[in-house]
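In what follows, chains are A, B, ... by sequence order, proteins preceding strands, each numbered from 1. Computation of the quantities below employed the complete heavy-atom set of this structure, encompassing side-chain atoms and omitting hydrogens, waters and symmetry-equivalent molecules.
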Amino acid sequence: MNSDADERALRIDALAKTFGGKQPVMVFEGLSLDVRAGEFLSIVGPSGCGKSTLLQVVAGLLPASGGRVLLGGRDVTGAPAHMVYLFQQYSKSLLPWMTVEDNVIFAFNHRLHLGAREARERSREHLAMVGLQESASAYPWQLSGGMQQRVAIARALSADPKVLLMDEPFSSVDALTRMELHALISELWERKRFTTVLVTHDVDEAIFLADRVAVLSRRPATIAELVATELSRPRRAVETYEDPRFLALRHRLLERLLRKPEELDAAPR
Amino acid sequence: MQRLAKRWTDLVPGALFLLAILALIEFAARTGLVNAAVVPPPTTVALVFAHIVTTGVFVVPVLQTLGTLFTGYAAGCVAGIACGVLMGSFRAAYNLFEPLTEMVRPIPKPALLPALMLFLGLGSTMKITLVALAAFFPVLVSTVQGTRGVDVTMIDMARTFGYGPAQILWKIVLPAAAPYFAVGMRVSLGISLVVIVVAEMLTTNGGVGGALIEMQQQFQVRQTYGWLVVLALIGFGLNALFAWAERRLTFWSAAS
C-alpha cells in the first residue's frame, strides 16, 4: 500500500489479544484496521469490549497474542519512538515531584539532550500551545483536572509525535472543560497533522473530532463498522453539533451501540 | 477537619500540664511523699543536667552514641532500600528472600546482642551491626510496599516516551516510592535509638547509654536522671530533624 511508505501510517493487521489464566479471555481476534497517515480516527465500542487493551497493544505496552502492528510499514516492537500515548488518568501520568515545566521536559530531553535553557524554552513553547505558560513552575497537583490534562497534551506534543494514541483522555473532566479540550486537540491536530487514534465510549466526542469512526463489536472484538464523518473543518463546538450530518451519524452509531448483543452479532458487516 | 497549622495558643494546655506534673513531683520529693533518693526533685535534675552541659562532659558520650547510630542507621537504610526495591520489582527476588526476612524480622533486635557480642566483641563494630540490622527491616518492608505500589500508569507513561527499565527505576520508581522509604526510615530511627542505648548499657562501654548505666551502678541517681534528659533531647532533636528533612524531600506526598 502506498500510504505505508509514510512513517505516520499505522496498520493493524489481524491483531489478537488473549489474557491467559485458567479461563483465558479472548479480548479481540483477527482485528485489522488501516489508519491513514495524518488521519484522526476514533474507536468507539461498548464498555469492556477491549478498546483500551487494543490501544495498549498498538502502543507496545502489552504484547500481542497474534497479528502485527506496522508503523510506516515497519513492525512495531516495544514502545516506538514518535508514538505517544495520552492516558485517561492524567493525575497518575504526571509526575508529582516535578514542576509542570519539568514534566514536559521529561518527554523529550532523554532523546534530545538539550541544554537546560533550550530544554526550558522548548517546554514553555509547548505549554504556550495549550495556554499554560503561566503555570510552568507550578506542580501538577496545584492545577485543576482540565489544566492537568492540558499539561499532559503539551508533554505529548513536545515529544514531536507522528502518531498520537489517546485512551479516553477527556472522560474524567467536567462537560465544559471537555469541550474546551476537544477544541484544543482539534486545533493542534489541524496544525501538526499527527496520525491520531482516539479510544472513547463517547459517541459525540468520537464523531466531533474524527475523520473516521470505527465501531468495535463485543468480545472478542472486531471492527463492526467504519464510517467517514465527512464533516467540515475546523470543527466548532456549537455549529458542528448541530450539523445534520453529525446528527445522522450520531443516530446511526448510537443505535448500533445500544443494540442488544445478539442483534449486534447477527448484524451484517 | 482539624487544622494542621498549630497556633501558639494550642501549645499552652500541654505545656501547663507538663509543668503541673513537674511541680507535683517536685512537691512530692521535697515533702518526702516519695523517696528523694530514688526520685530526685526536677529542679535538682535540671541543675545536674546544666552541669553536664556546661562542663562539656556530654560531648564525648553524645558523639560516640550519634556516630555509632548514624553509621549503623545509614548502612541499614541503604541496604533496606536496595533490597526492598529489588524485592518489590522482581517477583523472583521476592520469593527468594521473603521467607528469610519473615524469619529474622520478628526477632526483637536487642535479643541478638549476646550472639553479636560473641562474634564481634563489645566495640563499635558490634553496635553498628546491631543498629544496621534494627534499621534494615522496617525500611525493607515499607520499601517493598512502596515499590510495588508505584502506579502502573506512571511506568507506562515513561515506557511510551521510550525510557528503558534502568531509567524507569531511577527516574520513576525511586522518586515515586520515596515517601514510603521515609515512612520506614522514620520507624527505623526510633528503633535504632532504642537499640543503640540498650547495646551501650549492656556493654557498659561508652556512649550515653554507657554513662547512664555507669551512674546507676554508682548509685548516682541524680546523674542518671540528668543523662536521661540528655537522651530525651537527642530523641527529640533527631525526630525534629527527620520531620524537617522529610517535609523538604517528599513535599509532594502530603500535598497531592
Legend entry - K171(B) and L95(A), any side-chain heavy atoms less than 4.5 Å apart: no
Inset, instruction - Using non-hydrogen atoms and a 4.5 Å limit, figure out which bit of A158(B) sits close to chain A: side chain, backbone, both or neither. - result: both
Inset, instruction - Check each atom of R111(A) against the heavy atoms of chain B and say whether the ones under 4.5 Å are side chain, backbone, both or neither. - result: side chain
Legend entry - Part of L94(A) lying under 4.5 Å from any heavy atom of chain B: backbone
Inset, instruction - Would you check if the distance from the ring center of H110(A) to the ring center of F161(B) is below 6.0 Å? - result: no
Legend entry - Straight-line distance of I172(B) CD1 to W97(A) CH2, nearest 0.5 Å: 5.0 Å
Inset, instruction - Count the heavy atoms belonging to other residues, nucleotides or ligands that lie under 6.0 Å from CZ of F87(A), then report whether that count exceeds 12. - result: yes
Inset, instruction - Measure the CG-NZ distance between D156(B) and K92(A) for me, rounded to the nearest 0.5 Å. - result: 12.5 Å
Legend entry - Atom group of F108(A) that falls short of 4.5 Å from chain B, counting heavy atoms: neither
Inset, instruction - Determine whether more than 12 heavy atoms belonging to other residues, nucleotides or ligands lie under 6.0 Å from atom CZ of R120(A). - result: no
Legend entry - Nearest atoms (heavy-atom pairs only) where M157(B) meets S93(A): CE-O, 3.3 Å
Inset, instruction - Determine the interplanar angle of the F106(A) and Y163(B) rings, folded into 0 to 90°, and report it as parallel if under 30°, tilted if 30 to 60°, perpendicular if over 60°. - result: parallel
Legend entry - Contacting region of I155(B) [heavy-atom separation from chain A under 4.5 Å]: neither
Inset, instruction - Indicate yes or no for a side-chain donor-acceptor contact from Y85(A) to the backbone of R159(B) under 3.5 Å, with no hydrogens or angles considered. - result: no
